[in-house]
Amino acid sequence: MAFSPQTLALLASILAIAGFLLYRAALPKPIPGIPYNEKSARSLFGDAPDLGKYHSKTHEVISFLTKRLQELNTPICQVWVKPFSRPWVVISDGREATDIMSRRGREFDRSNFFRDLFEALSPHHQSIMPTNDQWRYNRRLMADAMSSPFLNNVASHRLHESTSDLVSLLREKVRLAPGHVFNMYKDLQFCTMDVIWAATFGTELGISQSQAMYLSRLDHMELPNTSDSLVNFPENDLPEVWYMLAAIMGSCEVVMTSPLGRWHHLLMIKFYPSMRRALTTRDKLINSKLTEAWKTFADGDTTNEGNKVRCVVDMIVERETILAKKQGKEPDRKSKYLFDEMAGFLNAGYETTSTALAWGIKYLMGYQDMQEKLRESLRSAHPEAAAQGIQPSAEAIAKVHVPYLEAFMEEAIRHSALVSVNIRMATMDTEVLGYRIPKGTDVWMLTNGPSYCSPALQIDENERSQSSRDFKGDYDRWGKHDDLDQFRPERWLFQNEKGETEFDSRAAPMHIFGAGVRGCYGKKLAYLEMRVIYTLLVWNFHFDRIPETLMDWKAQDIITHAPQNVRVKLREVKMS
Ligand code: HEM
């Protein structure tokens, strides 16, 4: 069938108009009034190309959003990062973030971004659920793992043992390469993996111990001629679970970097042989540990240390049994919620804490006077251990309050902004800082921008929400910090009426653990872990200054905002 020239011209015009309309429909749609980058709004790909360039240059993602806010000189802006999707609203203001996370739970809930990150790995884990009955049930299942009896009487001992193994490993390294610099990031990861494993399953994984024993068999090592070259130590074979957890956590990166986001992750899990292997290992492991715990707690098999709760897997099984009994049901032994809570506990507990410690070690080296002050504070807090030249015990570290240690930990977390953003999704049409926010929009609340790491930007009181205006909280005090870009642990300390130094956790804006009901579930364990690890490391080693050529503050964003390396030069502390 032949078309007349007029028909062809008409068809071409219709196609051109349809193409133009499609193009217009696919262009970013700004939310009225909220500032944005003009060039991004004229591109189908929004801010993604600029973000891509920024990421290849810096290895960071979230600081791109901070940069956008600063370029636009505003506490709120919008960006388009995934093609054909609605904008993310970005804010940087501690006061408004507290309000959204702590007091506006009806209007804002867990964002879909968390679902995108973890859905492929643990679809029934609390972190990706909206705040509903199932989320409450999962939280109840896991509540005992953050209780004081478990943390102080069980977890602190496991932590102490694993950290003592790290100390042994580092001693071997100092013996073999005295005065030399090496990267200790992996050693920290070994330790936090040992810790989370022991807390979860009640048995030893022993990575640090096996590395220490391996090095102890070497008499000496070939060392570089100059002390400003890095030493690489030989390594014993690592257990399969090391590779398994590293593969599982590492896989989440594609959600951030691939244009296909969560779909790419879901495909990876299904089709990449390495991922399938890692997940099969994980599933077998968790199932076998759960089966053991069911025998002890539900079937009354007391051959295995009686029915004493030794670890988190025991606790979750015991809790499910109690909750089911209360409801007059049989406990669900095949529960996908129990399974995913265990899988999530292993993942969440290992990466974040090692990143926090990695930054802390860098601050110890960068600020030698503070390191000395920390060591002195620890020695005065544990006078008997100091006098006898022994290690402070697990009980003592868990119970004795050392304000300068608390202040140092808090400042390291705040200043590094290792979780640089908290996200909430609007569950209804609402407002933020006077702008209309449509239902379904993700609000990204930065923790590394103005009001956290530089002075707050001016915001008209009338633009704040009613709940924010009503609640004065600590905001006046927060506004007095004019040195938020500086690392200064003292900002968290004050003198009480007796002239004693105390720690005040609300002295400055800090949302690295989020806030409100959906704030970090594992915060208490994370603090205990940091308390034990910093205490034993600073007790046993001087972290000496390293040559300028080896020192840097470069970061990379994977799940957390992590340093690219943790190069150290250690010297053993002489015990009196
Ligand atoms: C320094 C260490 C840690 C940091 C900085 C950290 C940070 C965070 C942040 C920012 C959130 C989101 C909070 C929000 O949206 O308001 C979160 C959630 C969560 N964290 Fe942590 N975390 C750490 C350690 C841990 C540990 C040790 C565990 C458990 C073993 C854990 C388990 C969780 C869970 C289960 C959630 C989801 C809670 C929910 O959705 O209700 N975290 N964490």
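All values reported here derive from a predicted model rather than from experimental measurement. What you see below is based on every heavy atom in this structure, not just the backbone, and it leaves out hydrogens, waters and symmetry mates. Counting begins at 1 with the first residue of the sequence. Both counts, for ligands and for their atoms, begin at 1 and track the order of listing.
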Nearest neighbour in protein (non-hydrogen) for [atom]:
{"atom": "atom 12 (C) of ligand 1", "answer": "F114 CZ, 3.9 Å"}
{"atom": "atom 30 (C) of ligand 1", "answer": "F345 CE1, 3.5 Å"}
{"atom": "atom 37 (C) of ligand 1", "answer": "S127 CB, 3.6 Å"}
{"atom": "atom 27 (C) of ligand 1", "answer": "G349 CA, 3.6 Å"}
{"atom": "atom 10 (C) of ligand 1", "answer": "I512 O, 3.2 Å"}

Query raised in the report: Which ligand 1 atoms does N422 reach within 4.0 Å, using its non-hydrogen atoms?
Result: 10 (C), 14 (C)
State if [X] counts as touching ligand 1 under the rule of any non-hydrogen atom under 4.0 Å.
{"X": "M129", "value": "no"}
{"X": "G344", "value": "no"}
{"X": "W135", "value": "yes"}

Any side-chain donor-acceptor pair under 3.5 Å between [X] and [Y]?
{"X": "Y337", "Y": "H125", "answer": "no"}
{"X": "Y243", "Y": "T281", "answer": "no"}
{"X": "W197", "Y": "T203", "answer": "yes"}
{"X": "R518", "Y": "T131", "answer": "yes"}
{"X": "S208", "Y": "D194", "answer": "yes"}
{"X": "W492", "Y": "E411", "answer": "yes"}

Query raised in the report: On the ring face of F108, is R104 found with NZ or CZ under 6.0 Å from the centre and within 45° of the axis?
Result: no
**Report entry** Charged tip of R103 within 45° of F471 ring normal and under 6.0 Å
**Finding:** yes
So is there a nitrogen or oxygen of [X] less than 3.5 Å from a nitrogen or oxygen in ligand 1?
{"X": "E529", "answer": "no"}
{"X": "T353", "answer": "no"}
{"X": "A515", "answer": "yes"}

For ligand 1, which part of [X] has a heavy atom less than 4.0 Å away: the side chain, the backbone, both, or neither?
{"X": "A145", "value": "neither"}
{"X": "M142", "value": "neither"}
{"X": "V419", "value": "side chain"}
{"X": "R139", "value": "side chain"}

Query raised in the report: Ring centres of F113 and W444 under 6.0 Å apart?
Result: yes
Report task. Measure centre to centre between the rings of F408 and F487, then say whether the value is under 6.0 Å. Result -> yes
**Report entry** Selection from H511, M445, R518, R136 by shortest heavy-atom distance to atom 14 (C) of ligand 1
**Finding:** R518
Could you go through residues 343-353 and list every donor-acceptor pair under 3.5 Å that involves a side-chain atom there, pairing it with any protein atom two or more places apart or in another chain?
residue	atom	partner	partner atom	Å
E351	OE1	T560	OG1	3.0
T352	OG1	A348	O	2.7
T353	OG1	G349	O	3.2

**Report entry** Donor-acceptor contact present, side-chain E60 to main-chain H55, <3.5 Å
**Finding:** no
Requested in this report: Look at the side chain of S102 and the backbone N and O of D99, then say whether any donor-acceptor pair between them is shorter than 3.5 Å.
Outcome: no
Query raised in the report: Ignoring waters, how many protein N/O/S atoms are under 2.8 Å from atom 21 (Fe) of ligand 1?
Result: 1
Requested in this report: Decide ring-ring contact (aromatic ring centres under 6.0 Å, His included) for H415 and Y363; before the verdict, give the C-alpha distance in whole Å, the side-chain angles of both, and the deciding distance to 0.1 Å.
Outcome: CA-CA 10 Å; H415 193 262; Y363 291 118; 5.5 Å; yes
